[in-house]
K.L.:
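Attaching a single structure in structure tokens format; questions to follow.
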Amino acid sequence: MFDEANSSQQTGTIMRKIFLAISIITTLAACQKNGEDKQKVMIDEVMAIHDEVMPKMDDIMTLKSSLDSAIKVSPDSAKAKQLYSALDSADNQMMDWMQAYNPDQVKGKSEEEVTKYYADEKAKISSVKELTNKSIEEAKGFLGK
């Protein structure tokens, strides 16, 4: 009887240990999955801004061409030059951002480092977006488009 009670107690202890191990593994897997999901959301946010701004590079090229002509004939060629420069800056910042953006550099980094990287990249591409939109709007206003 003593052996039977002791055996039952040992079985209960073993079952609790197995349950605890499974719980820990499940929790760790869920945390890793949650971290991967969070990273995917951050990547998607950054790329959504990029994808919104990228087609506007064609507008920038068209407007720069129009401003280049306006610089030669407009009585306000100084303003045309300023607007051209703003468009050129927006274009260059987009190209610089695309060249520097490298999500592979966060592989193996802590969740905090990954979060900081994508927050910084989101801020950078958001700045490019603001400059792009502003310079396009001002150039179109100047050119009457």
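Hydrogens, waters and symmetry mates play no part in the numbers below; they use all other heavy atoms, side chains included.
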K.L.:
Tell me whether the count of non-hydrogen atoms from other residues, nucleotides or ligands lying under 6.0 Å of NZ in Lys81 goes above 12.
P.N.:
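Atom NZ in Lys81 is not packed in, count stays at 12 or less.
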K.L.:
Please determine whether a side-chain nitrogen of the Lys or Arg among Asp59 and Lys56 lies less than 4.0 Å from a carboxylate oxygen of the Asp or Glu.
P.N.:
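Looking at Asp59 and Lys56, the cut-off is not met.
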K.L.:
Are Met95 and Met57 side-chain neighbours, meaning at least one heavy-atom pair lies under 4.5 Å?
P.N.:
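Yes, their side chains come closer than 4.5 Å.
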K.L.:
Any side-chain heavy atom of Ser89 sitting closer than 4.5 Å to one from Gln93?
P.N.:
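In contact.
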K.L.:
Please test Lys64 against Asp68 for salt bridge (Lys or Arg N to Asp or Glu O under 4.0 Å), starting from the C-alpha separation and ending with a verdict.
P.N.:
CA-CA 6 Å; Lys64 281 173 57 176; Asp68 191 42; over 6 Å; no
K.L.:
Would you check, one step at a time, whether the test side chain to side chain donor-acceptor pair (under 3.5 Å) holds for Glu130 with Ser127?
P.N.:
CA-CA 5 Å; Glu130 289 173 25; Ser127 177; 5.7 Å; no
K.L.:
Testing the basics here: between Ile49 and Lys122, what is the closest heavy-atom pair and its distance to 0.1 Å?
P.N.:
CD1-CG, 3.9 Å
K.L.:
So do the side chains of Leu63 and Lys140 get within less than 4.5 Å of each other, counting heavy atoms only?
P.N.:
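Heavy-atom side-chain distance check passes, below 4.5 Å.
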K.L.:
Might you point out which heavy atoms bring Ala90 and Ile60 nearest each other, and give the distance in Å?
P.N.:
CB-CD1, 3.9 Å
K.L.:
For Leu87 versus Leu67, what's the shortest heavy-atom pair and its separation?
P.N.:
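So the two residues come closest at CD1-CD1, 3.4 Å.
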K.L.:
Would you mind reporting whether Tyr117 and Met42 have side-chain heavy atoms less than 4.5 Å apart?
P.N.:
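Of all side-chain heavy-atom pairs linking Tyr117 with Met42, none is under 4.5 Å.
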K.L.:
Side chains of Tyr101 and Lys124, heavy atoms from C-beta outward: is any pair under 4.5 Å?
P.N.:
no
K.L.:
Taking all non-hydrogen atoms of both residues, which atom of Leu83 and which atom of Phe142 are closest, and how far apart?
P.N.:
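For Leu83 versus Phe142, the nearest heavy atoms are CD1-CB, 3.2 Å.
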K.L.:
Looking at Ile125, Thr132, Asn133, which hits side chain to side chain contact (heavy atoms under 4.5 Å, CB included) with Lys129?
P.N.:
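Testing Lys129 for a side chain to side chain contact (heavy atoms under 4.5 Å, CB included) against Ile125, Thr132, Asn133 leaves exactly one candidate, Asn133.
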